[in-house]
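Reading through the structure tokens given below for one structure.
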Amino acid sequence: MGQEEIYHQRLEKRELLQKQRLEPYGRAFKRSVTAEISEGQKGVSAAGRIMAFRRHGRTAFLDLRDDSGKIQLYLKPETLDAASVFCYENLDIGDIIGVRGDTFRTRTGELTIAVQFLTILAKSLRPLPEKWHGLKDVETRFRYRELDLIMNREVKDVFRKRSRLLQLTREFLTSRGFLEVETPMMHPIPGGAEARPFITHHNALNLDLYLRIAPELYLKRLLVGGFEKVFEINRSFRNEGISPLHNPEFTMLEVYEAFSDCSGMMELTEELISSCVKELSGGVEISYQNSVVNLARPWKRVKWVETFAQLGLNWQDEPAVRQMARTVSPGEDDSGKSLFDCLDAIFKKLVQPGLIDPTFVIEYPRQVSPLAKSLPGNLEMTERFELFLAGLEVANAYSELNDPVEQKERFEEEVKTQRPDRPKEVDYDYITALEYGLPPAGGLGIGIDRLVMLLTDSSSIREVILFPLLRPKS
RNA sequence: GGGCCGUUAGCUCAACUGGCAGAGCAGGGCACUCUUAAUGCCAAGGUUGGAGGUUCGAUUCCUCCACGGCCUACCA
């Protein structure tokens, strides 16, 4: 029987129920138990979705599932009232029902509700995927996540873990005196990162706006305003390619602490991630894909220049850098690439995959860190780190550049050397804010989705985002 | 954007070198009062992602299109 026929059969059952004044889409149902029942309870009530139906002569066993797990039901028409029998006769796998009855233990030892009353709370009109193999097709899983959640228990666990991580992060930060804030998602000038923005438009103001690519500049304006410890956990949007590591909208944690700096952020990062991993994975080791990551502290630190030196490369030797970049990404036009683009390509190909145990790569060049403060006595390098775990970039932090004159010069330099596909504008409101005085501060960004990937051993960012972006199926 | 791969029943999967498209689950019927991937029997379910082409004949070969996956590029 095809899907259409099943659909119409179930529609007919819906109408049959209505004719008997048994509303197939019911109202609130009071439950007294979830999956944890004990023997000999009288008159318990439970509700959930029918996941399996084992008819057995005049009796039947049903698997009822709610958010807490599975409850087995035992049904015998002669112990039911007429309305319940009618519901039972028009029941399908997938229906959401409410039941009342007494608990008992079956011969095989399973705690079960012997049903005395049954009502349909929501008639399901479409057949569920296969009960044993579940729903495997990744496209369907992401497009119809609700089906994925019904069929694949592990998927629910991923998102429970994600929620728990966010909760732990908030607890960690607020208990240390950080204030959770919300800054605009719609920016007149996109800033705080290097990415193409999504454009939107406000009609009443007749104003083009950009979905934020990072909340950074607004958060630092709050430090100017006198909040000393702030954080925001929310979406940023980048109009770039989609990959197993990139979704156009993704969740970032950004933390700013006045009178701290890059090394303060390093300590905070170590503590935050260690405590979350301990809580969520129960130890200092996590296995991710084919690697084992040991999070025992203290974490490794290596200077950015050192990582190239270890490859036998002097990062300032441009011909050598370009030579190596070509071997790393062969057949590519590198004429438009800067020295730093080439270094980044080499880093991503040859250095990053080896950074399995947590590693802080520190002291990045000024040219790739426009918002970071330079090292004392070394204008070329900045007080900055990126954190890598299992080869994934998880965090980025620096001592915030708080000299308005230098910041303005760096912004204006960026505008001068901008790429045509990525127009840049100086955010003078931000400069003005700095001119009133931004206290010395440390700032930190953590990619929450990637951290969830690590904690759930997910190979793709789409596994940890409930509704990842897909092209609509026309 | 480029390369490679995939798309077969509602779901999970078969189908040799181009030769009648087949199972299991779900759904329908019958039997069965302790099953749990219940069981046994019977019947049904297909525009093989879409459009073209080659061929006596296409799920299979070719072209284009759609969607997806992986790699790559872009995203500090």
Side-chain angles (χ1 to χ4, degrees), chain A residues 1-10 51-63 70 72-79 92-94 104-110 112 114 124-144 147 150-151 192-197 213-214 236-248 250 304 328-334 336-338 340-341 343-345 347-349 361 364-372 382 384 386 393 396 398 414 419 421-422 445 447 459-460 462 468 470-474:
Chain A
M1 194 181 302
Q3 164 152 261
E4 281 295 292
E5 266 179 279
I6 293 173
Y7 185 79
H8 284 105
Q9 252 173 29
R10 293 191 177 198
M51 295 303 292
F53 217 125
R54 293 179 294 280
R55 287 179 204 273
H56 204 90
R58 290 190 50 74
T59 67
F61 288 93
L62 281 69
D63 290 343
K70 175 191 128 180
Q72 182 167 260
L73 307 179
Y74 180 64
L75 264 137
K76 228 188 217 181
E78 48 273 33
T79 65
D92 287 293
I93 290 176
F104 72 106
R105 202 176 281 277
T106 64
R107 238 174 249 168
T108 50
E110 178 157 356
T112 300
S124 168
L125 300 179
R126 293 182 184 276
L128 289 178
E130 213 249 6
K131 64 180 170 189
W132 187 245
H133 299 92
L135 179 63
K136 287 193 169 169
D137 183 76
V138 289
E139 186 176 349
T140 313
R141 286 185 48 229
F142 297 155
R143 233 179 250 292
Y144 305 103
L147 271 186
I150 290 171
M151 298 311 298
E194 182 71 31
R196 279 177 297 190
I213 55 176
S236 287
F237 307 84
R238 297 187 184 175
N239 202 342
E240 307 284 354
I242 293 173
S243 86
L245 292 176
H246 302 269
N247 195 62
F250 62 102
W304 180 82
V328 152
S329 24
E332 209 184 296
D333 177 24
D334 63 351
K337 282 192 167 179
S338 71
F340 293 101
D341 292 334
L343 286 164
D344 191 49
F347 185 89
K348 277 187 174 146
K349 281 281 173 51
V361 176
Y364 281 71
R366 183 175 48 85
Q367 283 89 340
V368 297
S369 317
L371 298 158
T382 58
R384 173 181 174 191
E386 287 199 350
E393 179 193 336
N396 182 18
Y398 31 85
E414 269 195 311
R419 287 202 243 161
D421 62 326
R422 226 162 271 144
S459 62
S460 164
R462 298 177 149 205
L470 294 180
R471 205 187 286 266
K473 213 168 185 174
S474 48

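Letters A, B, ... mirror the listed sequences (proteins, then strands); counts begin at 1.
Base-pairing analysis of RNA chain B finds the following stems of at least three consecutive Watson-Crick or G-U pairs, with both pairing distances under 3.5 Å: B:1-7 with B:66-72, B:10-13 with B:22-25, B:28-31 with B:39-42, B:49-53 with B:61-65.
Contacts of A:Gly134 with the nucleic acid, taken as non-hydrogen atoms under 4.0 Å apart, involve only primed sugar atoms and P, OP1 or OP2. Counting any heavy atom pair closer than 4.0 Å across all strands shown, A:Val138 reaches sugar-phosphate atoms only and no base atom. A:Pro244 comes within contact range of the sugar-phosphate backbone alone, with a heavy-atom separation under 4.0 Å but no base atom that close. Using a 4.0 Å heavy-atom criterion, one finds that A:Arg471 contacts the sugar-phosphate atoms exclusively. Residue contacts shown for A:Ala60 are absent, as no nucleic acid heavy atom lies under 4.0 Å away.
When the C1' atom of B:C75 is taken as reference, atom CD1 of A:Ile213 falls 10 Å away, rounded to whole Å. Taking atom CE of A:Met151 as the reference point, atom C1' of B:G10 lies 11 Å away to the nearest angstrom. Taking atom CG of residue A:Asp137 and atom C1' of nucleotide B:G49, one finds them 12 Å apart after rounding to whole Å. Rounded to an integer number of Å, the gap from A:Glu130 CD to B:C11 P is 11 Å. Summarising the geometry, the separation between NE2 on A:His133 and P on B:C25 is reported as 11 Å, rounded to the nearest angstrom. Counting to the nearest Å, the C1' atom of B:A26 and the CD atom of A:Gln3 are 11 Å from each other. Per the geometry, CG belonging to A:Leu75 stands 16 Å off P belonging to B:A38, to the nearest Å.
In summary, the aromatic rings of A:Tyr364 and A:Tyr398 are positioned with their centroids too far apart to meet the 6.0 Å limit.
Rounded to whole Å, the separation between the C1' atoms of B:G2 and B:A9 comes to 36 Å.
Between the side chain of A:Glu110 and the base of B:U35, no donor-acceptor pair under 3.5 Å is found.
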Between the protein and nucleotides 30-34 of chain B, list the N/O to N/O atom pairs that are separated by less than 3.5 angstrom.
from: B:C32; atom 1: N3; to: A:Gly57; atom 2: N; distance (Å): 3.1
from: B:C34; atom 1: OP1; to: A:His56; atom 2: NE2; distance (Å): 2.4
from: B:C34; atom 1: O2'; to: A:Arg107; atom 2: NE; distance (Å): 3.3
from: B:C34; atom 1: O2'; to: A:Arg107; atom 2: NH1; distance (Å): 3.1
from: B:C34; atom 1: O2; to: A:Arg107; atom 2: N; distance (Å): 2.6

